[in-house]
Amino acid sequence: MANKVILHLRAETKPREARAALTPKTVKELLDTGDFEIYVEEAPQSTFNTDEYRAVGAKIVPFESWKTAPKDRIVIGLKELRDDETFPLVHDHIQFAHCYKNQAGWEDVLARFPRGGSTLYDLEFLENDQGRRVAAFGYYAGFAGAAIGVLDWSFKQLHSDNENLPGVTPYPNEDLLIADVKKELSKAHAKTGRYPTVLIIGALGRCGSGAIDLCKKVGIPDSNLIKWDINETKKGGPFQEIADADIFINCIYLSKPIPPFINLDLLNKEDRKLRTIVDVSADTTNPHNPVPVYTIATQFDDPTVVVNTTKGPKLSVCSIDHLPSLLPRESSEFFARDLLPSLKQLPNKDTAPVWKRAEDLFKHHVNRLNKSKL
């Protein structure tokens, strides 16, 4: 047992986060190799039942027991840790930490690892030899983001500007989500006689393909879909075409500063058509956010925030940063399947390129920390 990799799946604590970094299927495959021992926390929010993990051989442990677990365990999760806790982290962690791109508070988040003598393996930056992410939630982020975008546009056709789109809850499966969106879109179409025009930037990527698929599955004609990628945006924004669409869905992965896609000058016009922005990337606190017309991340309980425009119709932004949790089971299975080959390399993580690159990147960013944070 001493030579086995010991994984500890922590429960997610972010509100409405029902996904899991390890699914029962993943746990079974890892245990079947004989190289792993896996502990799974009781997780009230998870789409997966504790008994599903127990049935495949995982050891079930109490909620948030990772904090006092033996130091030889690698703690694996998805979303960031609680922001009201600052104690040093003594376990290595595999997660999305959102602290490598100068996000607000990044130094405080990152400093917890070196202060505890541990390493962060950030899921966002696990890359193969070609520099492509080994696993991502992009497809279902785009799919779910487009669903909320269409719901919001439809809601605006059917209600007064004094009302905002109500909260949404995770769906058991994709078919039920599609049925709900299609129902609301049909009511809006019956009233207006038209379908929305949807402009998608990043249409060639995983996220963009998910957004396109949702739009098609709920009945938006392909002729109403404007699919942009790097060729259409290389001249640099802002773009009038966004203001002329009904729904704008931003699906790009921001890796360097770029001119904004849209700004308030373009939005503050009486003839603006744009009613809904879905910022799937949700780089809300990034100083180079290409959709700099809002300042808060929204949540499923209150999925949109109104843009403070002075002219034109009411405009809202959806900036939920864990959109795939709208379809938690399917998106978790999708992600875990892609992550599995890399997880199987953990017994040799000191030499496995995917893990060695992640560790080197962690050390690079630790070196950027203000010494006062350590």
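No donor-acceptor distance shorter than 3.5 angstrom exists from the side chain of Glu42 to the backbone of Thr50, with no hydrogens or angles considered. Under a 3.5 Å cut-off, the side chain of Asp301 and the backbone N or O of Gly167 do not form any donor-acceptor pair. In this structure, Lys227 contributes its side chain and Ile200 its backbone to no donor-acceptor pair below 3.5 Å. The closest donor-acceptor contact from the side chain of Asp122 to the backbone of Ala97 lies under 3.5 Å. Of the possible polar contacts, one joining the Thr298 side chain to the Pro303 backbone as a donor-acceptor pair under 3.5 Å is found. At least one donor-acceptor pair under 3.5 Å links the side chain of Arg272 to the backbone N or O of Lys311. With hydrogens and angles disregarded, a donor-acceptor distance shorter than 3.5 Å links the side chain of Glu41 to the backbone of Ala11. The backbone N or O of Leu151 sits nowhere less than 3.5 Å from a side-chain atom of Lys156 that would complete a donor-acceptor pair. Between the side chain of Asp338 and the backbone N or O of Val134 there is no donor-acceptor pair closer than 3.5 Å. Between the side chain of Tyr53 and the main chain of Leu22, a donor-acceptor pair closer than 3.5 Å is present.
Note: the hydrophobic cluster containing Phe155 also contains Val218 (ILVMFWY, side chain heavy atoms under 4.5 Å, direct or indirect links). A continuous path of ILVMFWY side-chain contacts below 4.5 Å connects Trp153 to Ile320, so both sit in one hydrophobic cluster. No single ILVMFWY cluster, assembled from side-chain heavy atoms under 4.5 Å apart, contains both Val150 and Ile242.
Taking CG of Leu315 as the start and CZ of Arg275 as the end, the distance is 8.0 Å to the nearest 0.5 Å. In this structure, Leu327 CG and Phe334 CZ are separated by 12.0 Å, a value rounded to the nearest 0.5 Å. From Lys71, atom NZ reaches atom CD1 of Ile6 across 14.5 Å, with rounding to the nearest 0.5 Å. Residue Leu361 holds its CG atom at 10.0 Å from CD of Glu124, rounded to the nearest 0.5 Å. Note that the CZ atom of Phe143 and the CD1 atom of Ile212 stand 12.5 Å from one another [nearest 0.5 Å]. The CG atom of Asp244 lies 7.5 Å from the NZ atom of Lys273; values are rounded to the nearest 0.5 Å.
With hydrogens and angles left out, the side-chain atoms of His288 and Lys101 include no donor and acceptor closer than 3.5 Å. In this model, no donor atom of one side chain and acceptor atom of the other lie less than 3.5 Å apart for Asn128 and Arg357. At a cut-off of 3.5 Å, with distance as the only test, no side-chain donor of Asn164 or Thr304 sits close to an acceptor on the other residue. Side-chain contact annotation: Thr192 with Gln157, donor-acceptor N/O pair under 3.5 Å absent.
Atom CZ of Arg82 has more than 12 neighbouring heavy atoms from other residues, nucleotides or ligands inside a 6.0 Å radius. Shown here is Leu264, whose CG atom has more than 12 heavy atoms of other residues, nucleotides or ligands within 6.0 Å.
Counting only heavy atoms from C-beta outward, the side chains of Pro353 and Lys356 never approach each other to under 4.5 Å. Side-chain contact between Tyr140 and Leu326 is absent, with no heavy-atom pair separated by less than 4.5 Å. Asn289 has its side chain within reach of Tyr294: a pair of non-hydrogen atoms, C-beta onward, lies under 4.5 Å apart. You'll find the side chain of Leu340 reaches within 4.5 Å of the side chain of Glu29, heavy atoms only. Side-chain contact between Pro324 and Glu330 is absent, with no heavy-atom pair separated by less than 4.5 Å.
Look at Glu359 and Lys363 and you find a salt bridge, because one of the NZ, NE, NH1 or NH2 atoms lies within 4.0 Å of a carboxylate O, short of that distance. Ion pairing between Lys59 and Glu37 holds under the 4.0 Å rule for side-chain N and carboxylate O. In this structure, Glu17 pairs ionically with Arg19, as a charged nitrogen and a carboxylate oxygen lie closer than 4.0 Å. Using a cutoff of 4.0 Å between basic side-chain nitrogens and carboxylate oxygens, Glu174 and Arg329 are not scored as salt-bridged. We find that Glu12 and Arg10 are joined by a salt bridge, their nearest charged nitrogen and carboxylate oxygen being less than 4.0 Å apart. Salt bridge absent: Asp213 and Lys216 never bring a charged side-chain N and a carboxylate O closer than 4.0 Å.
In this structure, Phe248 has no ring pair (Phe, Tyr, Trp, His ring centres under 6.0 Å) partners at least two apart in sequence or on a different chain. For Phe48, there are no ring pair (Phe, Tyr, Trp, His ring centres under 6.0 Å) partners, not counting sequence neighbours.
The cationic atom of Arg112 (NZ for Lys, CZ for Arg) lies less than 6.0 Å from the six-membered ring centre of Phe87 and within 45° of the ring axis. Tyr39 carries Arg73 over the face of its six-membered ring, with the cationic atom under 6.0 Å from the centre and within 45° of the normal. Within the cation-pi definition used here (under 6.0 Å to the ring centroid, within 45° of the axis), Arg337 does not qualify as a partner of Phe335.
Closest non-hydrogen pair, Gly236 versus Pro259, comes out as CA-CG, 4.2 Å. The minimum heavy-atom distance linking Leu369 with Pro114 is given by the pair CD1-CG, 4.1 Å. The minimum heavy-atom distance linking Leu185 with Ser154 is given by the pair CA-OG, 3.5 Å. The two residues Cys251 and Cys207 come nearest to each other via the heavy atoms SG-SG, 3.2 Å. Annotation for Leu30 and Phe36: closest pair O-CD1, 3.5 Å, computed over non-hydrogen atoms. Residues Ser331 and Pro328 approach most closely at OG-O, 3.4 Å, considering heavy atoms.
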Step-by-step side-chain hydrogen bond (donor to acceptor under 3.5 Å, both in side chains) determination, Asp279 to Ser319:
CA-CA 5 Å; Asp279 191 5; Ser319 57; over 6 Å; no
Check the pair Asp246 / Tyr195 against side-chain hydrogen bond (donor to acceptor under 3.5 Å, both in side chains), numbers first and verdict last.
CA-CA 9 Å; Asp246 295 300; Tyr195 290 104; over 6 Å; no
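Aromatic ring orientation, His91 versus His93: perpendicular (interplanar angle above 60°, classes split at 30° and 60°).
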